[in-house]
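In the text below, chain A, chain B and the rest are named by the order of the sequence lines, each starting its count at 1. Any value given below was found using the heavy atoms of this structure, including those in side chains, with hydrogens, waters and symmetry copies removed.
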There are 2 protein chains.
Amino acid sequence: MALRYAILGQLSTTPCSGYDLALYLDSARGSFWCAAHSQIYPELRRLEEAGLIEGAPTPVGEKLEKRIYTITDAGTDALATWAAGTPIYRPNRDPERLQLIFADRAPLDAIRRHIEAHRDRFGRQRARIDDIREAILSREHVRVEARLRGRSGPEQELSLLLRDLAYGGDRERAALEVKWADRALALLDAYERDHVDVKRRKREEESRR
Amino acid sequence: MALRYAILGQLSTTPCSGYDLALYLDSARGSFWCAAHSQIYPELRRLEEAGLIEGAPTPVGEKLEKRIYTITDAGTDALATWAAGTPIYRPNRDPERLQLIFADRAPLDAIRRHIEAHRDRFGRQRARIDDIREAILSREHVRVEARLRGRSGPEQELSLLLRDLAYGGDRERAALEVKWADRALALLDAYERDHVDVKRRKREEESRR
DNA sequence: CCGACCATGTAATATGTTACATGATTGT
DNA sequence: ACAATCATGTAACATATTACATGGTCGG
């Protein structure tokens, strides 16, 4: 269901083509939902059939046509009802942590590389979110500005507050994962000092005799 | 792919029936992967066909039979290779935050209920993880103890370290979400004080004249 | 004129959820 | 006897990913 509402949400901000939506829902963009265009185009047709959106063919150049979709009143209602409902969660599935607990037989170096990659990943994510939040708060974020247009001061403030909470939560999570990775690496170092190095030194001592 | 390895991982700890695996991979259990039994039984047959596990029919009672699956050497290798590889992540999909940013037109009470539910959910999750970690560290966790059996002291220590890191990361995340929700509620209160209450007072003053 | 990007679709496959289906065992 | 739980499966549907497929537009 979430894809429907990710699309409706974006269309409630501004009309879009399927291509625009595919850019917005790109997995690399670090938004709250993502989907490939192969999933978006069929969903748009279903949404139009359900009367939640309306597509208008728009010429681009000489021969090409794109469909610009606009949300209908029914669509706005459906989105509002969904957004005001109880929060929706997906079951916890974390392949990264799953790998980690079954890496207890792997060489220490492999574990260390795993955690370093983790730190890098979330470090980059944190930086990306920082950029987005900065753009939003300095009122330079085009998509957010489009959403605020025509709203009263307090309405704008609430909209910005919720957005900052959402991105802020993600940012803190990314920061947490970076700190977690740093702590994990320190603990691995300590483990190696206590066990691997001790073993090696013993071996060296014995071979000297 | 992750389901394969979640199953192989559990079987690398101890042989299990499909039913056992379904309990272990229950979504309510707060593990790192979950799946319904309807997904598990077919996957077990595929794993057996691939030679990564072997099932032995075991009588239970008079007529009933269960298949107890054991990991093969090939399965152990496949798991080790997977676990030592670079970390695997799923694309970010967060229906809860998606709802939140499109709730900017919803009544404040609905937003507040949303965030309270969020706090409760992660509060419960944090408590559940605390229980698990305590059981692991006090060496009372049967599944973990099964995994440690027959290993040297340092090997056990590394295994426990990785598990504590994995659960610790999840615990911290749950704690973060609780703190986030508390802060969010405070900000909503402040927003209401500044805007909704002010508006109401103005209205009341005008009607008094 | 060529490469990057705009624009839209389908097909095949993989993964995940819900419902349907059946029957045995165990403890009270 | 009855309920809870053990035990295993299939079917239908929903969702997500990867690959295949086509052609136009725009700027350098």
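Within the 6.0 Å centre-distance limit, the rings of A:Tyr167 and A:Phe32 are counted as a close aromatic pair.
We find that CG of A:Leu44 is positioned 15 Å from C1' of C:dT10, with the value rounded to whole Å. Nucleotide D:dT5 holds its C1' atom 13 Å from the NZ atom of B:Lys66, rounded to whole Å. In this structure, A:Ile40 places its CD1 atom 14 Å from P of C:dC6, rounding to the nearest Å. Atom CG in A:Asn92 sits roughly 12 Å away from atom P in C:dT17 (whole-Å rounding). What separates OH of A:Tyr24 from P of C:dA7 is a distance of 18 Å, to the nearest Å. For A:Ile88 and D:dT15, the CD1 to C1' distance is 15 Å, given to the nearest whole Å. Rounding to whole angstrom units, CZ of residue A:Arg46 and C1' of C:dG9 are separated by 14 Å. Atom CZ of B:Arg67 and atom C1' of D:dT8 are 11 Å apart (whole Å).
For A:Glu134, the CD atom counts as loosely surrounded, since its 6.0 Å shell holds 12 or fewer non-hydrogen atoms of other residues, nucleotides or ligands.
The line from CZ of B:Phe102 to CZ of A:Arg163 is 6.0 Å long, rounded to the nearest 0.5 Å. For the atom pair NE2 of B:His37 and OH of B:Tyr19, the computed distance is 10.0 Å after rounding to the nearest 0.5 Å. For the atom pair CG of B:Asp182 and CD1 of B:Ile115, the computed distance is 10.5 Å after rounding to the nearest 0.5 Å. Put simply, CG on A:Leu8 and OG1 on A:Thr13 are 11.0 Å apart, with the number rounded to the nearest 0.5 Å.
Side-chain atoms of A:Arg90 do not come within 3.5 Å of backbone N or O of B:Asp94 as any donor-acceptor pair.
In this structure, A:Arg45 reaches the sugar-phosphate backbone alone: every heavy-atom distance under 4.0 Å involves primed, P, OP1 or OP2 atoms, never a base.
A:Arg121 forms a cation-pi arrangement with B:Tyr89, by the criterion of a distance under 6.0 Å to the ring centre and an angle within 45° of the ring axis.
The phosphate of C:dT8 (OP1 or OP2) has a side-chain N or O of A:Tyr41 nearer than 4.0 angstrom. For the pair B:Arg90 and C:dG16, the criterion of a side-chain N or O lying under 4.0 Å from OP1 or OP2 is met. Between A:Tyr19 and C:dT8 there is no side-chain polar atom (N or O) within less than 4.0 angstrom of OP1 or OP2.
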Give me, pair by pair, the N or O atoms of the protein and of nucleotides 17-19 of chain D that are less than 3.5 Å apart, along with how far apart they are.
unit_1, atom_1, unit_2, atom_2, d
D:dT17, OP1, B:Arg93, NH1, 3.4
D:dT17, OP2, B:Arg93, NH2, 2.4
D:dT18, O4, A:Ser38, OG, 2.5

Check: protein-nucleotides 24-28 of chain D nitrogen or oxygen pairs below 3.5 Å:
unit_1, atom_1, unit_2, atom_2, d
D:dG24, O3', A:Leu64, N, 3.4
D:dT25, OP1, A:Glu62, N, 2.4
D:dT25, OP1, A:Lys63, N, 2.6
D:dT25, OP1, A:Leu64, N, 3.4

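In this structure, B:His114 and B:His118 have parallel ring planes: the angle between them is below the 30° cut-off, well short of the 60° mark.
Within residues 1-9 of chain B, no residue is approached by DNA chain D to less than 4.0 Å at the level of any non-hydrogen atom.
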Report the C-alpha separation of B:Thr76 and B:Asp73 in whole Å, then their side-chain angles, then the decisive distance to 0.1 Å, and conclude whether the side-chain hydrogen bond (donor to acceptor under 3.5 Å, both in side chains) test is met. CA-CA 5 Å; B:Thr76 305; B:Asp73 288 348; 4.9 Å; no

Test salt bridge (Lys or Arg N to Asp or Glu O under 4.0 Å) applied to A:Arg67 and A:Glu48, step by step: CA-CA 12 Å; A:Arg67 286 181 76 76; A:Glu48 190 166 23; 3.1 Å; yes

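Side chains of B:Leu98 and A:Trp82 form a contact here, defined as non-hydrogen atoms less than 4.5 Å apart.
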